[in-house]
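One structure is given below, encoded as structure tokens.
Every heavy atom of this structure was used, including side-chain atoms; hydrogens, water molecules and symmetry mates were not.
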Number of protein chains: 2
Amino acid sequence: MRSLNDQPEGLGIAAVERDTGLPKDTLRVWERRYGFPRPLRDANGERVYPAEQVDKLRLIRRLLDQGLRPSRIVAATTEELAQMLEAAREAAPAAAPADWGTLLGLMHRQEGAALQRALQQNLLKNGLQRFLTDTLVPLTDAVGQAWLKGELSVAGEHLYTEQVHNVLRGAIANHGAHGGSPSILLTTFPNELHSLGLLMAEALFAPEGAQCTSLGTQTPLADIERAATQGGIDVVALSFSSAYPARQAVDGLNTLRARLPAHIALWAGGHAMREQQRKLPGIRVIADLQDGIAALAEWRAGHPA
Amino acid sequence: MRSLNDQPEGLGIAAVERDTGLPKDTLRVWERRYGFPRPLRDANGERVYPAEQVDKLRLIRRLLDQGLRPSRIVAATTEELAQMLEAAREAAPAAAPADWGTLLGLMHRQEGAALQRALQQNLLKNGLQRFLTDTLVPLTDAVGQAWLKGELSVAGEHLYTEQVHNVLRGAIANHGAHGGSPSILLTTFPNELHSLGLLMAEALFAPEGAQCTSLGTQTPLADIERAATQGGIDVVALSFSSAYPARQAVDGLNTLRARLPAHIALWAGGHAMREQQRKLPGIRVIADLQDGIAALAEWRAGHPA
DNA sequence: GTTTTCATTTTGTCCTGGACAAATTAAGTA
DNA sequence: TACTTAATTTGTCCAGGACAAAATGAAAAC
């Protein structure tokens, strides 16, 4: 077992998993295959990772999330990794909103309350719909890019997510209308941790008069099915972040489609769904927020009150 | 790799780890030593845990948390386990709120809006502090119990969590005061998915005049450290659900304590922390919400403005 | 009688090295 | 160009052994 006082030497494998998000098995198999990381060993033969190797692992993880492959980058030097990050920066220029610099500063200095006020002002000025499409979508994208480039810490990104949550939940609570039609059940599959997309969908549908019921993230398939059939639900809407494996999403959606009664519609939104429509018969793929409005209109056209 | 279509057959070992909080290695070694769980095997020889075994593992997990030892309970039948739980429950009776039956009905029928209204009314009637201690804590406990006993579906539990989120975030946003002291950074370690405890802590501290900055769940240790030292933070407060492995929590906390400057206090709250104080020198373990208030008072006594 | 010390289980985590299927890329074919 | 097929990459799982931290119980000292 790991020593409590592992500070001077380095971190145990469990601590590195906690720090980097890379599973223990993956860390061991990389060591075997690529020769990195190459941890020291303590008296008991257990792995001890020096801080610099953990830093490099964190860098690698960023590039992995970007779509690069381990064999290309695990063996690379730290300088080469930095170069790759630079290349990624030029390849995907983020269309940041006008006051991006100010907002980034707030995130960096952990000024959550001020950040929330800024978002709230923008919401009041533009209305919920335009706040979503014109501010939140590009802003979230820019935050992701900034994190990728190392310009924004994980803490800054978390702070941003948290404040967007606050603003959106407040807006949804205030929209007033209840009990409309259709009745939409919102959730995500297991292993999908990102709740922002879900919340944006709710913020999109609720003011349009739909009755939204959100179950949050990570509802097992069987429970989605049970909840939909028991609750008089018209539409089941699922959200997928770009990190979600497309294969799992397609597989799960088709299974769910087969198990749900035909009169319940199934919608799938998020980056991971962009080009999957033809693999998803009987399922409405929602490309972006505008398309969500369109899907709602379609449903209503097919179901006159 | 795990297929998403594992609902009818059972769950893979990774899914069971996520569901029960029992690490993969522990599941395997129990099977070797005690003969339980005894999962089926798929075509590839990989473990497939039937739902009933997972249910039993959850029961066992609860009893473990109460101090019983694996060798005594892993071999027991489900009935015996239920009996032990019943005995434990009588020893520590959870006082379910008066309108428990009504609320359970709302959860069961997926009536989110009505559930939220009921919670909101209770909040207005009792004030935030008493709403937390007298309603939310026993209610959340009762929800957990009902889920364990199979009286409440996963969807029902998710719905409850979602509505509590809405109510608490609203309450925190409305409390008014800003910029007080101390400045508290709230978050959880990676692998900790439960955000309710975190929100409750924020709802507890914010109205007392503390300046709360929440990063949501799952912040890597290194980023907690960076955020705390950069943001003029006085106190770092971490929340642990009962499902979080105590070992990981203790280890991570001690590591963090060693890395943080001495003038920043470190608080740890949640069920997982109940009896860990002596393993956590220099860290303030917060036993319950009242104790949180006490910790705040202590800090202020030691740091006169 | 209470606390302290020491030996004995119990228990969780880590180890090695092998295996395999899902995901990805490359090559071949219509 | 679009589709199928083969090769490679990659993450997760497996078995069974090992060992230290924690818990328990027994003995000794206060």
Side-chain angles (χ1 to χ4, degrees), chain A residues 1-6 11-18 20-34 36 39-49 60-61 63-65 67-75 191 243-252 272 275 278-279, chain B residues 1-6 11-18 20-34 36 39-49 60-61 63-64 66-75 191 244-252 254 275-276 278-279:
Chain A
M1 293 194 184
R2 208 168 36 251
S3 150
L4 281 182
N5 214 351
D6 49 14
L11 302 176
I13 194 168
V16 174
E17 175 179 23
R18 198 174 46 233
T20 65
L22 296 167
K24 294 190 257 276
D25 275 323
T26 300
L27 290 168
R28 283 193 276 254
V29 88
W30 279 6
E31 182 181 343
R32 204 195 310 169
R33 286 182 185 150
Y34 313 122
F36 184 88
L40 311 171
R41 299 293 177 135
D42 66 8
N44 188 28
E46 300 192 348
R47 291 172 174 80
V48 176
Y49 295 83
I60 288 172
R61 184 148 170 30
L63 286 164
L64 277 188
D65 286 346
L68 296 183
R69 311 194 64 185
S71 60
R72 297 279 171 194
I73 55 179
V74 172
N191 297 332
Y244 200 85
R247 170 75 196 239
Q248 266 187 41
V250 169
D251 197 33
E275 307 192 348
R278 66 185 181 80
K279 294 185 198 164
Chain B
M1 295 187 185
R2 201 172 45 253
S3 152
L4 191 60
N5 281 354
D6 48 17
L11 301 175
I13 194 168
V16 175
E17 174 179 22
R18 197 180 52 69
T20 65
L22 297 167
K24 292 190 258 277
D25 276 322
T26 301
L27 290 169
R28 283 193 277 254
V29 87
W30 280 6
E31 183 181 342
R32 204 195 313 167
R33 286 181 185 152
Y34 313 120
F36 184 87
L40 309 172
R41 300 291 179 138
D42 66 8
N44 187 29
E46 300 193 347
R47 292 173 173 79
V48 176
Y49 295 82
I60 290 172
R61 177 74 229 261
L63 286 165
L64 279 187
Q66 312 215 310
L68 296 183
R69 310 194 67 184
S71 59
R72 299 277 172 193
I73 55 178
V74 172
N191 298 331
Y244 200 85
R247 173 150 219 97
Q248 268 184 42
V250 169
D251 193 42
N254 281 312
E275 307 196 346
Q276 308 286 347
R278 72 186 178 81
K279 297 181 202 162

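In this structure, the side chains of B:Val16 and B:Leu22 stay at 4.5 Å or more apart for every pair of heavy atoms. The closest side-chain heavy-atom distance from A:Phe36 to A:Ile60 is below 4.5 Å. You'll find the side chain of B:Arg28 reaches within 4.5 Å of the side chain of B:Ile13, heavy atoms only. Side-chain contact between B:Leu27 and B:Tyr49 is present, with at least one heavy-atom pair separated by less than 4.5 Å. Residues A:Leu11 and A:Arg18 fail the side-chain proximity criterion, which asks for heavy atoms closer than 4.5 Å.
Distances shown here put a side-chain N or O of A:Arg69 below 4.0 Å from the OP1 or OP2 atom of D:dT10. Note on B:Tyr34: every side-chain N or O is 4.0 Å or more away from OP1 and OP2 of C:dT10. Within the 4.0 Å cut-off from OP1 or OP2 of C:dT13, at least one side-chain nitrogen or oxygen of B:Thr26 is found.
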Contact list (N/O, under 3.5 angstrom) for nucleotides 14-17 of chain D vs protein:
residue	atom	partner	partner atom	Å
D:dC14	OP1	B:Arg47	N	2.6
D:dC14	OP1	B:Arg47	NH1	3.1
D:dC14	OP2	B:Arg28	NH1	2.6
D:dC14	OP2	B:Arg47	NH1	3.1
D:dC14	O5'	B:Arg47	NH1	3.0
D:dA15	OP1	B:Arg41	NH1	3.3
D:dA15	OP1	B:Arg41	NH2	3.2
D:dA15	OP2	B:Arg47	NH1	3.1
D:dA15	OP2	B:Arg47	NH2	2.5
D:dG16	N7	B:Arg32	NH2	3.0
D:dG17	N7	B:Arg32	NH1	3.1

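Toward the 5' end of DNA chain C, the nearer of the two residues B:Ala43 and B:Pro23, judged by each one's closest nucleotide, is B:Pro23.
Relative to the side chain of A:Lys24, the nucleotides C:dC14, D:dC13, C:dT11 differ in distance, and C:dC14 lies closest.
With sequence neighbours excluded, the residues satisfying side-chain hydrogen bond (donor to acceptor under 3.5 Å, both in side chains) with B:Arg47 are B:Glu31.
Over its full length, the helix from C:dG1-D:dC30 to C:dA30-D:dT1 turns its helical axis through 30°, comparing axes from the five pairs at each end and rounding to 10°.
In this entry the distance linking CD of B:Glu17 with C1' of D:dT12 reads 12 Å, nearest Å.
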